[in-house]
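All values below come from the heavy atoms of this structure, side chains included, with hydrogens, waters and symmetry mates left out. FYI, the numbering just counts along the sequence from 1.
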Amino acid sequence: MAQTYNWSLPFLDPSPSPLTSPPYALIILNQPFSAPLLRRVWSASAWHSCADGGANRLHDTLKGERRASEADPCSLFLPDLIKGDLDSLRDDVREYYASKGVPVVHVPDEYSTDLMKCIAALSEKEKIEGIEYDIVILGGLSGRLDQTVHTLSLLHKLRDVRKRIFVITDDNVAWVLKEGEHHISINHAVLGQTCGLLPVGVASSVLTTTGLRWNLTDFESSFDGMVSTSNHLVPEEKTVYIKTSKPIWWSAELKASGLQDP
């Protein structure tokens with residue numbers, strides 16, 4: 001019997017709470033993102049880390065979109081950890097966060113990426129606390145192609161190790177669906193119209209869906225054949241059902257208007 005999974009995205013709710021169970025861990029990568037998206041996922045997370053140059057992005061994004069009520073917005077968003085080989089972290093950013101007591105950890109291992117180093121740090125924290133966090137990765141699907149492929153590869157490999165890892169940019173949110181049946185709750189106030197199912201890391205997968213504009217029935221998806229891109233969510237449908245024979249990436253567009261403060 002196929003295993004069933006239920007999915008929702010409370011970290012994108014207009015007033016998210018960090019007191020979810022399981023809690024969210026935010027890992028910020030060295031790729032551009034907007035202040036509204038940062039503030040939304042930060043507020044939903046109980047632990048925050050920057051992978052090397054991700055600290056530059058955090059610092060500069062907050063400085064660039066400072067609110068009138070915030071004399072020093074960066075001091076309100078202090079990560080719990082900055083970790084990596086630190087070849088991208090600027091000196092001024094390192095000095096600022098170090099002066100605020102943020103641990104800046106240099107790991108020169110070239111056989112693991114900065115993202116992998118942050119996930120390793122989270123794993124150590126989880127062992128101490130006896131709980132497992134769901135991970136939200138800010139960035140990772142834009143910019144350099146090799147880095148994007150690394151994100152796709154890493155999450156594909158971690159699908160049996162960690163229960164839930166989401167990747168989010170200002171354009172979309174995506175994650176790996178393991179083989180089985182999936183029920184995805186759709187918040188149309190936050191998600192846009194376009195979505196896709198991408199057979200990354202597998203030769204092919206057989207898909208059946210409901211809740212989409214163009215549903216699939218025993219549809220074989222592969223890079224050598226057909227791929228379901230540019231499908232649409234349906235406004236009156238609150239749940240999307242996906243049955244997949246192999247792991248597959250699900251992506252959904254984000255609405256910029258859905259990230260603004262209520």
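- By the 4.0 Å N-to-carboxylate-O rule, R57 lies too far from D52 to be salt-bridged with it.
- Applying the salt bridge (charged side-chain N to carboxylate O under 4.0 Å, His left out) test to pairs two or more places apart or on separate chains, those with a residue in residues 165-193 are D160-K178.
- Under the 4.5 Å side-chain heavy-atom criterion for ILVMFWY residues, a single connected hydrophobic cluster contains both V136 and L177.
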Would M226 and E220 count as a side-chain contact (heavy atoms from CB on, under 4.5 Å) if you check the C-alpha gap in whole Å, the side-chain angles of each, and the deciding distance to 0.1 Å? CA-CA 7 Å; M226 298 290 289; E220 184 173 8; over 6 Å; no
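- Between E132 atom CD and L122 atom CG the span is 8.5 Å, to the nearest 0.5 Å.
- Counting heavy atoms from C-beta on, the side chains of L29 and D114 never come closer than 4.5 Å.
- In the hydrophobic clustering, V149 connects to L145, either directly or through intervening members, whenever side-chain heavy atoms lie under 4.5 Å apart.
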Would H182 and W7 count as a side-chain hydrogen bond (donor to acceptor under 3.5 Å, both in side chains) here? Give the steps. CA-CA 7 Å; H182 300 264; W7 300 91; 2.9 Å; yes
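- More than 12 non-hydrogen atoms from other residues, nucleotides or ligands lie less than 6.0 angstrom from NZ of K255.
- In this structure, the side chains of C74 and K63 come closer than 4.5 Å at one or more pairs of heavy atoms.
- Heavy-atom minimum distance, R40 versus L12: NH1-O, 2.7 Å.
- Proximity of V107 to L86: side-chain heavy atoms (C-beta onward) are nowhere separated by under 4.5 Å.
- Other residues, nucleotides and ligands place more than 12 heavy atoms under 6.0 Å from the CG atom of D146.
- The heavy-atom pair separating K83 from C118 by the smallest distance is O-SG, 4.0 Å.
- Annotation for L89 and A55: closest pair CD1-CB, 3.6 Å, computed over non-hydrogen atoms.
- Distance alone, capped at 3.5 Å, places no donor-acceptor pair between the Q31 side chain and the G143 backbone.
- In terms of heavy atoms, R94 sits closest to V104 at NE-CG1, 3.9 Å.
- Tracing side-chain contacts under 4.5 Å through hydrophobic residues (I, L, V, M, F, W, Y), one never reaches V234 starting from V240; they form parts of separate clusters.
- Taking 4.0 Å as the cut-off between side-chain N and carboxylate O, R162 and E126 count as a salt-bridged pair.
- Taking the side chain as every heavy atom from C-beta outward, K243 and Y241 approach each other to under 4.5 Å.
- Y96 places a side-chain N or O within 3.5 Å of a backbone atom of S75 that can act as its donor or acceptor partner.
- Taking the side chain as every heavy atom from C-beta outward, N187 and L9 never approach each other to under 4.5 Å.
- One N or O on the side chain of N56 and one on the backbone of R90 form a donor-acceptor pair closer than 3.5 Å.
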Walk me through whether W249 and L155 qualify under side-chain contact (heavy atoms from CB on, under 4.5 Å). CA-CA 10 Å; W249 273 82; L155 268 64; 3.6 Å; yes
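- The main-chain N or O of D85 is found under 3.5 Å from a side-chain atom of H106 such that the two form a donor-acceptor pair.
- Using a 4.5 Å heavy-atom cutoff, the side chains of Y97 and L58 are in contact.
- Here OG of S43 is found 11.5 Å from CG of D13. Values are rounded to the nearest 0.5 Å.
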If you apply the rule side-chain hydrogen bond (donor to acceptor under 3.5 Å, both in side chains), what do you find for T209 with N215, and how did you get there? CA-CA 5 Å; T209 70; N215 283 306; 3.0 Å; yes
Passes side-chain contact (heavy atoms from CB on, under 4.5 Å), I165 versus I137? Steps please. CA-CA 7 Å; I165 309 180; I137 299 172; 3.8 Å; yes
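- For the atom pair SG (C195) and CG (N231), the distance works out to 4.5 Å, reported to the nearest 0.5 Å.
- Side-chain atoms of Q260 do not come within 3.5 Å of backbone N or O of P14 as any donor-acceptor pair.
- I27 approaches A51 most closely through the heavy-atom pair CG2-CB, 4.5 Å.
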Check the pair F33 / T169 against side-chain contact (heavy atoms from CB on, under 4.5 Å), numbers first and verdict last. CA-CA 6 Å; F33 49 80; T169 69; over 6 Å; no
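- Of the possible polar contacts, one joining the T151 side chain to the G140 backbone as a donor-acceptor pair under 3.5 Å is found.
- More than 12 heavy atoms of other residues, nucleotides or ligands sit less than 6.0 Å from atom NZ of K117.
- Under 3.5 Å, the side chains of W214 and H232 contain no donor-acceptor pair of N or O atoms.
- Taking NZ from K125 and CG from D80, the interatomic distance works out to 6.5 Å, rounded to the nearest 0.5 Å.
- Cation-pi geometry between R159 and W175 is not met: the NZ or CZ atom fails to fall both under 6.0 Å from the ring centre and inside 45° of the normal.
- Side-chain N/O atoms of T244 and S205 include a donor and acceptor closer than 3.5 Å.
- In this structure, the side chains of P199 and S221 come closer than 4.5 Å at one or more pairs of heavy atoms.
- Between L233 and G192, the shortest heavy-atom contact is CD1-O, 3.3 Å.
- With S45 contributing its side chain and H48 its backbone, the two residues share no donor-acceptor pair below 3.5 Å.
- Atoms CG and CD1, from L212 and I186 in turn, are 8.0 Å apart once rounded to the nearest 0.5 Å.
- Interatomic distance, I135 CD1 to W47 CH2, rounded to the nearest 0.5 Å: 8.5 Å.
- With hydrogens and angles disregarded, no donor-acceptor distance shorter than 3.5 Å links the side chain of R164 to the backbone of D134.
- The same ILVMFWY cluster, assembled from side-chain heavy atoms under 4.5 Å apart, contains both L141 and L115.
- F166 and L158 are members of different hydrophobic clusters when ILVMFWY side chains are connected at heavy-atom separations under 4.5 Å.
- Put simply, the side chain of H188 gets close to the backbone of E237: a donor and an acceptor are under 3.5 Å apart.
- Using a 4.5 Å heavy-atom cutoff, the side chains of I168 and L254 are in contact.
- Side chain to side chain, N172 and S251 fail the donor-acceptor criterion of an N or O pair below 3.5 Å.
- Linking Ile, Leu, Val, Met, Phe, Trp and Tyr whenever their side-chain heavy atoms come within less than 4.5 Å leaves F11 and I119 in two separate clusters.
- The closest donor-acceptor contact from the side chain of S185 to the backbone of T239 lies at 3.5 Å or more, if one exists at all.
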